[in-house]
Protein chains: 2
Amino acid sequence: MAGLQTPEPSLDVQGDEDAGDGLQSSHRMLSFSDALLSIIATVMILPVTHTKIYPEEQFDTSMRKLLATKIAVYLMTFLLVTVAWTAHIRLFQVIGKIDDILALLNLACMMTITFLPYTFSLMVTFPDVPLGIFLFCACVITIGLAQRRWIVGVCISPPHLLKPNRFACSGPQNPFRPAHSWAFFLRGPALCFAAALFSLFFFPVSYLLMALVIFLPYISKAASWCKDRILGPGEPPAQSLEFFTFDLHEPLSKERVEAFSDGVYAIVATLLILDICEDNVPEPKDVEEQFHGSLVAALGVFGPQFLAYFGSFATVGLLWFAHHSLFLHVRRATRAMGLLNTLALAFVGGLPLAYQRTSALAQQPHEELESIRVSCVIIFFASIFQFATWTAALLHEREALHPSARFGGQEHALMFAKLALYPCASLLAFASTCFLRRFSTAIFHLMQVTVPFAFLLLRLLLRLAFAVLWALRGLIRPVGPLPSDQDAADTQAQLLPAPC
Amino acid sequence: MAGLQTPEPSLDVQGDEDAGDGLQSSHRMLSFSDALLSIIATVMILPVTHTKIYPEEQFDTSMRKLLATKIAVYLMTFLLVTVAWTAHIRLFQVIGKIDDILALLNLACMMTITFLPYTFSLMVTFPDVPLGIFLFCACVITIGLAQRRWIVGVCISPPHLLKPNRFACSGPQNPFRPAHSWAFFLRGPALCFAAALFSLFFFPVSYLLMALVIFLPYISKAASWCKDRILGPGEPPAQSLEFFTFDLHEPLSKERVEAFSDGVYAIVATLLILDICEDNVPEPKDVEEQFHGSLVAALGVFGPQFLAYFGSFATVGLLWFAHHSLFLHVRRATRAMGLLNTLALAFVGGLPLAYQRTSALAQQPHEELESIRVSCVIIFFASIFQFATWTAALLHEREALHPSARFGGQEHALMFAKLALYPCASLLAFASTCFLRRFSTAIFHLMQVTVPFAFLLLRLLLRLAFAVLWALRGLIRPVGPLPSDQDAADTQAQLLPAPC
């Protein structure tokens with residue numbers, strides 16, 4: 001019976017061993033942080049979806065600008081929270097165990113992060129008032145100091161909190177020199193401090209500095225890559241620099257990428273039901289007066305909303321399914337995969353917006369075409385970035401993928417088909433709305449209905465396709481040997497495009 | 001380097017082994033389902049928190065009734081989703097691995113479950129129209145059939161999906177007789193079908209039947225317990241009944257209880273920031289007109305909301321922390337613990353309501369006292385049910401708890417103090433509002449500020465308390481031997497109340 005209900009018996013045993021010292025495995029705290037961060041990352045889509053759409057004459061001018069602003073806030077918040085999340089991962093790739101103080105500090109840190117979206121929307125609503133920038137910088141500095149507190153706390157007192165296969169940060173061989181890691185964690189707060197100062201006399205510089213905070217890791221990665229290309233690979237860094245192994249190019253923790261993605265998919269899938277439960281229950285008075293007591297007729301008015309909800313849930317659910325299938329084959333997530341996955345998630349977060357606009361504009365037929373196209377574009381980008389994540393994994397397939405999904409492996413073709421389904425379907429739907437404008441809604445709903453069935457029958461369809469291909473090959477080379485398994489893999493490899 | 005980023009290397013390896021057969025570890029699908037279910041469980045608190053509070057004369061009569069109705073909807077939804085979640089756990093305690101079809105079926109099942117809260121609010125808003133009951137029953141029957149499809153699918157074709165240490169459901173020794181398990185999964189749908197029929201001519205019976213669906217597991221447990229007490233423990237069930245080991249009294253999966261609780265805590269902690277980000281960004285026009293361009297003054301108006309947010313986040317965060325500490329010591333969750341934990345979570349879900357009412361009523365001073373008392377009561381119940389969960393674990397401490405947290409163990413006193421902190425603080429705050437009515441707000445805020453520090457210093461305070469106690473004991477028996485570790489444990493055991 002032991003271990004029957006516990007998929008992670010190893011963690012369980014650890015908890016048992018260390019509970020006496022007040023030390024705890026950090027696993028559950030990290031899942032909780034991931035859940036909080038994924039909710040915060042997707043919160044800012046709500047003001048966008050709840051933007052009221054007025055009659056057409058007003059929509060074209062100010063509304064478009066307002067929508068664009070809100071979407072920009074959403075995207076920037078998403079990226080910003082992702083940066084905070086990446087820093088959190090880095091930190092806990094070093095810290096293996098936690099104690100109560102660390103858990104409480106982490107909660108305080110999370111509370112500060114949850115406040116970031118608000119400061120961000122203040123900044124956008126009042127671009128020339130420095131208060132938003134000030135609050136934002138105060139939050140980032142607080143988070144930076146809390147993380148510094150962690151490192152100092154961890155390094156000075158209990159070295160057993162660190163992961164065993166990391167270097168200890170103090171000891172005779174590895175003297176305590178945390179300058180390098182401090183630089184990493186204090187870079188953001190320092191830039192923000194400068195931004196706060198600049199906001200007093202010339203705020204455009206502050207915005208530039210804050211953009212730098214977000215993109216610095218990627219810029220530094222790109223710069224080092226260019227340097228390597230031009231000057232040839234440099235010497236590996238000296239041992240003295242590595243004592244506190246913060247490798248920025250180190251792969252992200254796969255479990256945390258999965259947990260964060262799960263959180264985003266879950267909250268996005270249910271965002272519309274939040275609204276439906278709140279707004280779409282008719283008032284008994286209205287039903288009596290307007291629909292002569294017929295509840296079915298009253299609910300019929302909300303039909304487009306229900307359709308939008310089921311459509312959005314199905315799409316998000318299937319994108320999650322593709323993501324899930326992809327990460328089953330992933331051994332470890334490289335930095336490029338992390339970035340592409342984040343971009344895919346940012347577009348997934350935009351899906352409820354597209355669907356809500358589809359339902360809101362159902363009454364205005366000439367806007368319908370546009371909103372269906374927007375939906376197609378968002379689905380396309382969300383799925384194409386998933387596909388790109390897979391391509392990035394294939395580029396480093398030896399370290400990033402399990403053998404079965406590698407180029408020429410058993411599951412390679414199925415994976416390819418799964419990830420290519422939504423990009424193809426959305427592209428097809430988009431193209432057909434150009435030719436068959438009148439049927440655009442019908443085409444979109446057809447896509448929504450067929451794609452789930454396509455996923456269900458994918459394995460069957462793929463086998464059928466291979467059977468047909470083999471038959472064709474047999475017709476061309478009728479006297480050749482029977483196709484062995486190796487041959488089948490070869491055919492597969494020839495049929496698929498090169499991954500880079 | 002291998003396994004550095006993967007806290008679950010065993011799962012990883014499994015995924016590697018089975019990826020070729022299209023089989024996957026169900027771990028991630030279960031986390032995703034838990035995340036979805038926890039969001040759905042807490043959704044219905046939103047209509048409650050967003051109930052507009054009109055001037056006092058209207059509040060007393062119809063508003064109270066409306067609020068009570070909405071709270072009832074929230075609690076029933078929460079319990080109902082928990083029942084669906086428990087059934088989901090039971091199912092996946094048998095099914096160890098999944099394939100693509102199962103994953104997609106699970107998504108469809110989740111989509112149906114997300115629709116339950118809506119049908120529920122329809123039922124409450126229109127209690128004498130059978131449509132709500134119909135929709136509800138249709139959802140439950142769909143879920144039941146999907147789960148039946150799972151079992152049949154699993155039993156007929158791939159027996160390797162089942163957990164290895166369960167009996168296979170077909171084979172010469174264990175012939176395929178799923179009648180027992182079907183009865184378990186079809187009991188709910190069958191009751192709902194009857195409820196749908198009754199709704200056509202006499203709907204109170206339908207409500208009774210639906211209540212039966214929710215409470216049936218607990219009723220049957222209580223009945224069997226009573227039977228055991230009166231008739232003495234019966235014979236163990238015959239081998240033929242056990243072939244498809246659905247033990248209803250089997251402990252719940254600890255990981256899934258944690259994941260579900262994490263989801264609820266995370267969404268509840270951030271519910272208020274969702275509102276703040278959307279509603280509390282002032283309009284540039286208003287700032288110009290009403291506050292002469294001063295953004296700080298405009299934000300000052302929202303002060304109570306910010307305070308409410310931070311208060312609610314801190315409380316939920318610390319309750320999560322207590323829950324986290326508790327489950328670190330839990331080896332396996334019994335059914336009673338599951339029920340008590342669910343009740344604790346249901347009250348946690350009510351926290352944003354209490355805090356939002358506190359902020360909304362800050363302008364109406366005579367309502368303030370009442371809303372602060374409501375907050376105290378909700379915090380008290382949320383934390384006392386956590387405490388009760390621990391007590392339930394202590395009742396079966398050999399199977400439920402790790403040795404260090406057992407009665408007399410090293411961590412027992414600390415655990416006791418952690419879990420007793422919030423009940424005591426809220427009780428104290430409630431009591432002092434009775435004597436010091438005028439300072440009730442100040443007392444409440446004082447509680448909010450001191451409790452986090454109390455958690456930080458708990459270990460220190462506890463040592464201090466023990467030192468004082470030992471000193472006192474030394475004064476009483478000055479010539480006794482020095483207190484050994486065993487003595488310390490004894491003191492501890494004497495100081496704490498008996499667990500039952």
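Naming convention: chains lettered A, B, ... in sequence-line order (proteins, then strands); numbering from 1 in each chain.
Of the listed residues (Phe327(A), Tyr265(A), Phe310(A)), the greatest number of heavy-atom pairs within a distance under 4.5 Å of chain B belongs to Phe310(A). Most heavy-atom pairs under 4.5 Å with chain A: of the set Pro282(B), Ser33(B), Ala259(B), Ala314(B), this distinction falls to Pro282(B). Most heavy-atom pairs under 4.5 Å with chain B, from the set His324(A), Arg28(A), Met111(A): that is Arg28(A). Ranking Val296(B), Leu104(B), Leu36(B) against chain A, the residue ahead of the rest is Leu104(B), based on heavy-atom pairs under 4.5 Å. Per-residue counts of heavy-atom pairs under 4.5 Å with chain B were compared for Trp320(A), Phe115(A), Phe120(A), Phe313(A); the largest is that of Trp320(A).
At a 4.5 Å heavy-atom cutoff, the contact between Ile267(A) and chain B is made by backbone and side-chain atoms alike. Within the 4.5 angstrom heavy-atom criterion, no atom of Leu30(B) approaches chain A. Of the two parts of Ile89(A), neither the backbone nor the side chain holds a non-hydrogen atom closer than 4.5 Å to a non-hydrogen atom of chain B. Using a 4.5 Å cut-off between heavy atoms, Leu456(A) touches chain B through backbone and side chain atoms alike. Heavy atoms of Ile39(B) lying under 4.5 Å from chain A belong exclusively to its side chain. Residue Phe126(B) touches chain A through its side chain alone, counting heavy-atom pairs closer than 4.5 Å. In this structure, chain B has a heavy atom under 4.5 Å from the side chain of Val287(A), while its backbone stays farther away.
The shortest distance between side-chain heavy atoms of Ser38(B) and Thr42(B) does not fall below 4.5 Å. Put simply, the side chain of Val257(A) does not reach to within 4.5 Å of the side chain of Val330(A), judged on heavy atoms. Under the 4.5 Å side-chain criterion, counting only non-hydrogen atoms from C-beta, Leu271(B) is in contact with Ile45(B). Two residues are said to be in side-chain contact when any heavy atoms from C-beta on lie closer than 4.5 Å; Arg332(B) and Lys254(B) fail this criterion. At a threshold of 4.5 Å between non-hydrogen side-chain atoms, the residues Asp100(B) and Leu458(A) do not count as touching. Residues Phe92(A) and Arg256(A) have side chains in contact (heavy-atom distance under 4.5 Å, counting atoms from C-beta outward).
Distance check, rounded to the nearest 0.5 Å: CE of Met415(A) to OG of Ser325(A) gives 5.0 Å.
The aromatic rings of Phe302(A) and Phe306(A) lie perpendicular to each other, with more than 60° between the two planes, well past the 30° mark.
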